[in-house]
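Have a look at the structure below, then the notes.
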Number of protein chains: 2
Amino acid sequence: MEVTIYEVAQRAGVSIATVSRTLRGTGPVADKTRQKVLKAVEELSFTPSRLGVSLAEGRHAANGIVFPNLAGPYYTEVLLGYEEVASELGRSVLILSTKGRSQVRDLVKDLAGRVDGMVVFGQTVPEDLVAELIAAELPLVFLSRDPVPGAATLRSENTAAATRLAEHLRGHGYDSYAFLGAPYAVGDDVSERWAGVSAVLGSAIEPVLTTEYTVESGYAAALELLRSRHRPRALICSDDEVALGALLAAEELGLAVPDDLAVTGWDDIMAARHARPALTTIRQPMRELGARAARTLDELITGGRAAASTHHVLSTELVVRSSCGVHPLEESP
Amino acid sequence: MEVTIYEVAQRAGVSIATVSRTLRGTGPVADKTRQKVLKAVEELSFTPSRLGVSLAEGRHAANGIVFPNLAGPYYTEVLLGYEEVASELGRSVLILSTKGRSQVRDLVKDLAGRVDGMVVFGQTVPEDLVAELIAAELPLVFLSRDPVPGAATLRSENTAAATRLAEHLRGHGYDSYAFLGAPYAVGDDVSERWAGVSAVLGSAIEPVLTTEYTVESGYAAALELLRSRHRPRALICSDDEVALGALLAAEELGLAVPDDLAVTGWDDIMAARHARPALTTIRQPMRELGARAARTLDELITGGRAAASTHHVLSTELVVRSSCGVHPLEESP
DNA sequence: TTGTACGCGTTATCAG
DNA sequence: CTGATAACGCGTACAA
């Protein structure tokens, strides 16, 4: 098997306590003794068992993060920011994607048993399980959901941005709109976006459902919509991938964007900038979201329950490109 | 703290052995006893400590995966395929990105201590550490690197695809080429791609270095190259993101693609399809790469050393779109 | 400065 | 069918 601390102790002619002290720098060790120990460690290439350490220390030195879905740029950008900070803070990161999984409960509980705390995207874990985890006092940071007592939450601003976007489009003079998005739950990002745009556009906009937030489903939904009798003049999509699908559908139908049809997205993923026409969208600080979540979680774990009631909202930015219409003056790369 | 098996045993009026047997279904338990135990478990909402289980079982039921970088669609697509399969096989997944980290050795060793095996992208871990891990008999699957004795390897086909691509471009009649890619090491993907294209194009192609594989560095390198006196007629980029950057540079210089300049990428990420002109590229089965890696690793862990010498190469596909030139007949979405 | 012995939470062997 | 008890690998009071 693996070499244990006992073998090291024996070889160095000391007790395991001395080996532990030497390696961790806790407590005093005579210089000469230290040398013997380090020599034995070197010769046996000893590495303390993570399991043993965790069991004794009573902590995992690891965090988890739960996504609805690992496909697409949005979540992976958040993950990037998260992993970077978590790793910097000396914590390993475990991931779990719930997409298409039947045993979500078990998977989440298993994950919970492997970490000192975790970040959870809204709408990925059933509410009763959420309550269970909070009751167990597991440090928790939720992303993109309404505040929960006993856990920190973090999200990007949606409603005000949606308002700005809607007003911008109205400024182009369009008279009919559609909002393209999959079924959304109360308190999630998309419901907030809908609230923002519908507040401005009123009865001029109507919601249209896609099956999911992917290029394919955006394409399919847009195709059907654009072929219908009441084709809207502008399409506000709930995320960039849906918008890219809409662009594809427009192209297939021979509709010019933005002249025949305006299209906007949300998130500002890489492809948004490279699409032609380039996509007008709302930029979300995805990496920052992940990074902040990692820091907040760390505070929750180390600092105790103090930070448990922090609820932050990161600001977003309207990025005007060309898919929403022609702009004589403004232009943003 | 947490509720332990002892409390359950006490409450049920049995020994911890009986609790364990009941919960795991190992060994016989009288029906009546079982009921008592399950009741106690329910009332205390007991969940066995993962640490205790792992220590006793001698396994983590977790795997790791090491990336050079979590940014960009390529690695995250691989991760997606990996996580899906690993999770299905009942293994948690730990991730580690080495990009910009100073203590890679320590991070990798720590990860190694938390898992039953791991997947490692080539060029992320120093060779001596690789040897160390193999010597420790840790099950290992390498991605995109030359075979290593003692570990399985898996990669996408590069050279033949590069040859096909080069021949296709030559068919367009171009006379001068540049290959855009960051410094590459022997045995990595990009060196194989260069080998393939240079074998066909000979002295008509010359390598140009970017600083990394990103849109930004592709843009910068292309800008400089395209402004030089000997502007090539075609740009073979080592990956799609570099190619997207090149497209941006061409646009800025007023060069029409493909009429003034042909551009090709590699990987077929989402943005490749949505760029205008749409990018001709080599499609790599990224998800499949991750999925296969997870399965191979599982075999290594469970099946013993049998599969340790498997070396698979997944096939790739030339995707002809419009950025490489006008095609009277062929066209592929 | 060093060593002993116990605790951490399971699983599994071996008597009964 | 059930119960002690020995691992598993380490950290650390406490004693020396």
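Remark on DNA chain C: of its neighbouring residues L51(B) and K32(A), the 5'-side contact belongs to K32(A), judged by nearest-heavy-atom nucleotide.
Here the closest non-hydrogen pair linking V115(A) and G64(A) is CG1-N, 3.5 Å. The two residues V313(B) and S156(B) have their closest heavy-atom pair at CG1-C, 4.0 Å. Summarising the geometry of A151(A) relative to H311(A), their closest heavy-atom pair is O-CE1, 3.5 Å, with the distance given to 0.1 Å. Annotation for D188(A) and R155(A): closest pair C-NH2, 3.7 Å, computed over non-hydrogen atoms.
Checking dG3(C), dG7(C), dT11(C) against the side-chain heavy atoms of A56(A) singles out dG7(C) as nearest. In the set dT11(C), dG11(D), dT2(C), dT11(C) carries the atom at the smallest distance from any side-chain atom of I16(B). For A30(B), the side-chain atoms get nearest to dC1(D) when compared with the rest of dC1(D), dG11(D), dG3(C).
Whole-Å rounding puts the R21(A) CZ to dC10(D) C1' distance at 14 Å. Whole-Å rounding puts the R114(B) CZ to dG9(D) P distance at 17 Å. We find that CD1 of I5(A) is positioned 14 Å from P of dT4(C), with the value rounded to whole Å. In this structure, Y6(A) atom OH and dC10(D) atom C1' are separated by 8 Å, rounded to whole Å. If you take CD of E57(B) and P of dC8(D), they are 15 Å apart, rounded to a whole angstrom. What separates CG of D31(A) from C1' of dT2(C) is a distance of 15 Å, to the nearest Å. One atom, CG of L55(B), and another, P of dA6(D), lie 17 Å apart when rounded to the nearest Å. For the pair E7(A) CD and dC8(D) P, the computed distance is 11 Å after rounding to whole Å.
Within 4.0 Å of A17(A), counting heavy atoms only, lies at least one base atom of the nucleic acid. Counting non-hydrogen atoms under 4.0 angstrom, R24(A) reaches the backbone sugars and phosphates but no base. Looking at heavy-atom distances under 4.0 Å, T18(A) makes contact with sugar-phosphate atoms alone, never a base. The residue T33(B) sits close only to the backbone: its heavy atoms come under 4.0 Å of sugar-phosphate atoms, none of a base. Heavy atoms of P48(A) sit under 4.0 angstrom from primed sugar atoms or phosphate atoms, though from no base atom. Among the atoms of the strands shown, only primed sugar atoms or phosphate atoms (P, OP1, OP2) are found under 4.0 Å from some heavy atom of T47(B).
For Y75(B) and F121(B), the distance between ring centers is under 6.0 angstrom.
Listed pair S15(B) / dG3(D) meets the phosphate criterion, a side-chain N or O lying under 4.0 Å from OP1 or OP2. Side-chain nitrogen and oxygen atoms of S49(A) include none within less than 4.0 Å of the OP1 or OP2 phosphate oxygen of dG9(D).
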